[in-house]
Amino acid sequence: QVHVRESGGDLVQAGGSLRLSCLISGAIVSRTETGWYRQTPGKQRELVAGFNIGGSINYTESVKDRFTISRSHARNTVYLQMNNLKPEDTAVYYCSILWRGRFWGQGTQVTVSS
């Protein structure tokens, strides 16, 4: 069974940095599609950054040059390094993996104060 657990969310001032971690069990992160999504109240969940099944990386335009997604095969973990955070980055961030179905974590709250 696949389990997804995010961590690293926090309250940070604008311009600050955070690193989110997504520990996955029951699947191999380096062999499939994985990504970070975010959601704010009343809005649809959006892809922030992700690896496609071929290993290429995609970023939503608003985070390019500020966020970096990476993954560790040894730790079976996906990371999201977020720099120069802005108040509009405030959201619940979710990790997802595609492994015989799509699995989601519970989310981690990121709040950026101005």
Are any non-hydrogen side-chain atoms of I28 and H73 less than 4.5 angstrom apart? yes

Residue pair T34 / R71, side-chain heavy-atom distance below 4.5 Å: yes

Report yes if some heavy atom in the side chain of V4 is under 4.5 Å from a heavy atom in the side chain of C22; otherwise report no. yes

State yes or no: do V12 and Y93 share one hydrophobic cluster built from I, L, V, M, F, W and Y residues joined by side-chain heavy-atom distances below 4.5 Å, directly or via other members? yes

Can you find a pair of side-chain heavy atoms, one from L47 and one from T60, that are under 4.5 Å apart? no

Taking the side chain as C-beta and beyond, is there a heavy-atom pair between V78 and I97 under 4.5 Å? no

Just so I know, are the side chains of V63 and R38 near enough to count as touching, which here means a heavy-atom distance under 4.5 Å? yes

Do side-chain atoms of Y59 reach the backbone of I69 as a donor and acceptor pair under 3.5 angstrom? yes

Rounded distance [0.5 Å steps], CZ in R5 versus OG1 in T77: 9.0 Å

Which distance, rounded to the nearest 0.5 Å, do you find between the OG of S70 and the CD of Q81? 8.0 Å

Between the OG atom in S56 and the CD atom in E33, the distance rounded to the nearest 0.5 Å is 11.5 Å

Quick test of your reading: applying ring-ring contact (aromatic ring centres under 6.0 Å, His included), list the pairs with at least one residue in residues 6-53, sequence neighbours left out, ordered by first then second residue. Y37-W104

Neighbour count >12 (heavy atoms, 6.0 Å) for atom CZ, R100: no

Separation between OG (S113) and CG (L85), nearest 0.5 Å, reads 10.0 Å

Tell me whether T40 contacts the main-chain N or O of K43 through its side chain, where contact means a donor paired with an acceptor under 3.5 Å. no

So, the side chain of E6 versus the backbone of G107: is there a donor-acceptor pair under 3.5 Å, distance only? yes

Any sub-3.5 Å donor-acceptor pair from N76's side-chain atoms to V29's backbone N or O? yes

For residues V48 and L80, report the shortest heavy-atom separation together with the two atoms involved. CG1-CD2, 4.3 Å

Do W99 and I24 have side chains that approach each other closer than 4.5 Å (heavy atoms only, starting at C-beta)? no

Minimum-distance pair of heavy atoms, taken over all atoms of S7 and T108: C-OG1, 4.2 Å

Starting at CG of L11, measure out to CD of Q109 and round the result to the nearest 0.5 Å. 9.5 Å

So do L18 and F67 actually touch side chain to side chain, heavy atoms under 4.5 Å? no

Where the side chain of R66 meets the backbone of S62, is there a donor-acceptor pair that is under 3.5 Å apart? yes

So, the side chain of S21 versus the backbone of Y79: is there a donor-acceptor pair under 3.5 Å, distance only? no

How long is the span from the OG atom in S114 to the CD atom in Q13, to the nearest 0.5 Å? 9.5 Å

